[in-house]
Amino acid sequence: LQDVTSRLYPRLDALRSAAALRESEARLRRMQAIGRIGSMRLDLGTGRARYSAEYLQLHGLPADHSGETREEWR
């Protein structure tokens, strides 16, 4: 037997991947909230940093703090 689903329905494979990614990201957000672990993401296109609510709280930053560039962060 050979699974040919992805060849017959390539869009289905992409939808499954996207759903798995959303589930993984939701799980990460829950674990960060439970463990009070902050995270920072750097958008390579704009060079701007974005922070999780936990990161802002840990560093005493206001909830509406906008991301800064890497140079500004340093």
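The structure presented is a predicted model; accordingly, all values stated were derived computationally and were not measured. Values below: all heavy atoms of this structure, side chains included; hydrogens, waters and symmetry mates excluded.
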Could I get the full list of side chain to side chain contact (heavy atoms under 4.5 Å, CB included) partners for R30, not counting sequence neighbours?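 Partners of R30 under the side chain to side chain contact (heavy atoms under 4.5 Å, CB included) test: A26, R27.
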**Message:** I'd like to check the side chain to side chain contact (heavy atoms under 4.5 Å, CB included) partners of S17; sequence neighbours left out, ordered by chain and number.
**Reply:**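 If we apply the side chain to side chain contact (heavy atoms under 4.5 Å, CB included) test to S17, skipping adjacent residues, there are no hits.
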Holding to side-chain hydrogen bond (donor to acceptor under 3.5 Å, both in side chains), I want the full list of residues that pass it with Q32, two or more places apart in sequence or in another chain.
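Expected list: S39.
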- Taking side-chain hydrogen bond (donor to acceptor under 3.5 Å, both in side chains) as the test, write out the residues that go with H65, two or more places apart.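 Only E68 meet the side-chain hydrogen bond (donor to acceptor under 3.5 Å, both in side chains) criterion with H65.
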- Message: Between E54 and R29, does any side-chain N to carboxylate O distance fall below 4.0 Å?
- Response: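 Result for this pair is no, no salt bridge flagged.
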- Task: Any pair with a residue in residues 10-30 that passes ring-ring contact (aromatic ring centres under 6.0 Å, His included), sequence neighbours left out, goes on the list, sorted by first then second residue, please.
- Result: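 Checked against ring-ring contact (aromatic ring centres under 6.0 Å, His included) - neighbours excluded - no pair reaches residues 10-30.
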Check your understanding: Which residues pass the salt bridge (charged side-chain N to carboxylate O under 4.0 Å, His left out) test with R50, sequence neighbours left out?
Key ->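 Not a single residue meets the salt bridge (charged side-chain N to carboxylate O under 4.0 Å, His left out) criterion with R50.
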- Could you state the interatomic distance from OG (S52) to CE (M40), rounded to the nearest 0.5 Å?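 That separation rounds to 11.0 Å.
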